[in-house]
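A short write-up of the structure that comes next.
Counting starts at 1 for both ligands and their atoms, following the listed order.
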Amino acid sequence: MAERVETDTVVVGLGAMGAQALWRLARRGVDAVGIEQFVPGHDRGSSHGESRIIRTAYMEGAGYVPLVKAAWHAWSELEEASGTRLVVPTGALMLGAPDSSAVTGSVDAAEHHGLPYQLLSHEQTVERFPQHAVGPGEVGVFEEEAGVVLPEAAIRAAVRLAGEAGARVLTGTRAARVVPDPDCPRVLLGDGTEIRARRVVVTAGSWLPRLVPEAAKPGGGLRVERRVLGWFRTTGVPSPHARGPVFARDAADCTWYGFPSMDGGRTVKIGVHAEAAGNRTEGAQWGEPVDPDTGPRAPDAADARRLGALAAGLRGVSALPERMVACMYTMTVDEHFLIGHLRELPGLVLAGGFSGHGYKFASAVGAALADLARDGRTDLLIDMFDPHRWD
Ligand SMILES: Cc1cc2nc3c(=O)[nH]c(=O)nc-3n(C[C@H](O)[C@H](O)[C@H](O)COP(=O)(O)OP(=O)(O)OC[C@H]3O[C@@H](n4cnc5c(N)ncnc54)[C@H](O)[C@@H]3O)c2cc1C
């Protein structure tokens with residue numbers, strides 16, 4: 001028989017953002033229900049693949065720096081509360097031509113906020129980072145305050161802590177509809193259960209456009225796109241990839257990134273963040289749309305060749321990946337996030353459109369969502385993500 005459940009706040013989608021929001025709400029004593037269609041830490045959304053980069057001198061915009069600083073702090077709180085190591089410090093190397101956005105964007109953000117960084121000449125980069133085949137004319141920006149967040153472990157830790165703090169966690173449960181209302185927004189489940197709340201936080205990732213179509217309209221919409229990650233065997237003993245910084249490289253045809261070995265020197269992982277406009281290279285992933293319910297197309301030989309061509313920019317790795325996974329980006333038009341309220345959707349708090357660079361912020365975004373749900377406002381600097389910014 002259809003049931004009716006009452007609570008203060010419902011969080012729909014316990015991925016990167018929703019798990020953190022639910023934990024923040026529960027530890028503040030808010031009566032909360034979290035709903036996840038799969039199991040926390042699953043591999044069917046945007047938050048799998050073992051590692052995510054966290055950087056501070058943020059090349060995507062100096063405006064992100066206060067939020068990433070808040071995120072570092074909030075990750076430590078989660079590590080402490082869960083007794084789990086979730087962030088591995090490695091430093092970060094941004095590589096590219098002196099006028100590339102990887103280099104100029106990082107320097108701008110560092111200068112703007114007085115962050116420590118080192119601008120390295122071509123020769124210095126070659127000497128200091130032998131694991132990279134540095135191209136002619138390429139230079140580097142190194143920053144210490146960077147590393148790797150462990151995405152699946154962080155989601156599981158936050159959901160576990162939320163449950164221990166009193167949140168009701170419904171896994172394997174799909175929200176069929178979210179009904180906005182200024183006083184009593186509701187979430188309807190497939191079995192007819194209705195969950196009535198004071199606020200509903202919607203953190204449905206790539207499913208956001210389907211679940212709440214109005215949320216996907218600001219600025220011209222959200223696009224769900226396929227991306228592929230590849231793990232390459234290291235060949236040198238000892239491997240120069242056994243430790244070292246995470247990196248992002250601006251190449252002629254794309255921006256790609258990678259991690260030092262997270263498995264004791266056996267493999268390194270790389271991926272393409274963004275293709276250069278009009279790139280027609282075989283395996284280029286730019287813009288390939290995905291239906292989130294079907295999931296992204298499985299990685300194939302063209303993906304392996306494409307990633308292999310990029311891995312040639314690393315020394316001491318195999319020519320082709322030993323394994324690959326596909327994942328989804330949910331892109332906004334300006335590639336900045338959507339966080340906050342929409343007038344058309346009273347009672348709902350939204351967070352989506354993380355455009356392939358949101359994970360590092362999840363700890364702080366969770367805190368901001370808990371503030372917005374409980375108090376209607378937050379001191380965290382999220383104004384630039386206002387869903388009404390295009391009005
Ligand atoms: C390959 C790849 C590499 C990346 N690298 C980085 C990086 O290095 N650094 C970085 O900062 N960011 C990175 N990102 C981006 C980052 O991972 C994403 O921005 C972030 O994971 C998005 O989190 P989310 O909570 O919006 O989505 P998800 O984590 O996908 O969460 C959405 C959740 O909602 C659930 N859900 C959806 N609909 C429903 C429903 N109707 N009912 C119940 N549950 C529902 C889903 O099952 C899912 O668990 C990368 C992304 C990808 C794909």
Side-chain angles (χ1 to χ4, degrees), residues 10-22 33-55 58 60 64 67-68 71 92 146-152 154-155 158-159 169-178 187-190 195 201-212 222 224-230 246-248 256-259 269-274 285 290 292-293 295-296 299 324-332 335 337-339 350-366 369:
V10 187
V11 179
V12 181
L14 302 181
M17 309 298 159
Q20 301 302 323
L22 187 68
V33 175
I35 303 174
E36 169 54 50
Q37 60 185 340
F38 305 125
V39 288
H42 65 85
D43 63 357
R44 297 167 72 173
S46 302
S47 299
H48 54 285
E50 302 167 13
S51 47
R52 291 291 185 270
I53 293 175
I54 179 166
R55 303 173 263 117
Y58 211 59
E60 291 83 348
Y64 284 87
L67 195 64
V68 83
V148 180
V149 186
L150 308 181
E152 296 93 339
I155 290 171
V159 173
V169 178
L170 309 180
T171 60
T173 304
R174 185 165 179 149
R177 251 184 89 202
V178 175
V187 178
L188 307 179
L189 307 184
I195 308 180
V201 176
V202 189
T203 43
S206 297
W207 287 264
L208 181 64
R210 182 155 297 178
L211 186 61
V212 189
L222 295 174
V224 180
E225 294 180 0
R226 174 178 181 268
R227 292 291 188 281
V228 177
L229 295 164
V246 295
F247 66 88
W256 61 292
Y257 59 90
F259 298 79
K269 185 183 99 173
I270 67 168
V272 175
H273 175 61
Q285 297 156 22
V290 182
D293 283 328
M324 296 182 284
V325 298
C327 195
M328 296 181 285
Y329 273 16
T330 308
M331 308 293 293
T332 61
E335 299 184 16
F337 315 150
L338 288 181
I339 306 176
L350 309 168
F354 286 95
S355 304
H357 63 117
Y359 203 102
K360 62 185 75 61
F361 301 97
S363 55
V365 170
L369 294 173

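By the 30° and 60° cut-offs, the orientation of the rings of Tyr58 relative to Tyr64 is tilted. Using a 30° and 60° split on the angle between ring planes, Phe337 and Phe361 fall in the perpendicular class, above 60°.
With a 4.5 Å cut-off on side-chain heavy atoms, Arg210 and Asp293 count as touching.
Protein residues with a heavy atom closer than 4.0 Å to ligand 1 are Gly13, Gly15, Ala16, Met17, Ile35, Glu36, Gln37, Phe38, His42, Gly45, Ser46, Ser47, Arg52, Ile53, Thr173, Arg174, Ala175, Thr203, Ala204, Gly205, Trp207, Leu211, Leu229, Tyr257, Cys327, Met328, Tyr329, Phe354, Gly356, His357, Gly358, Tyr359, Lys360, listed by chain and number.
Applying the side chain to side chain contact (heavy atoms under 4.5 Å, CB included) test between Ile35 and each of Leu14, Leu189, Val169, Leu22 identifies Leu189 as the sole match.
Using a distance-only test at 3.5 Å, with no hydrogens or angles considered, no donor-acceptor pair links the side chain of Lys269 to the main chain of Glu50. Looking only at distances, a side-chain donor or acceptor of His357 sits under 3.5 Å from a matching main-chain atom of Glu335.
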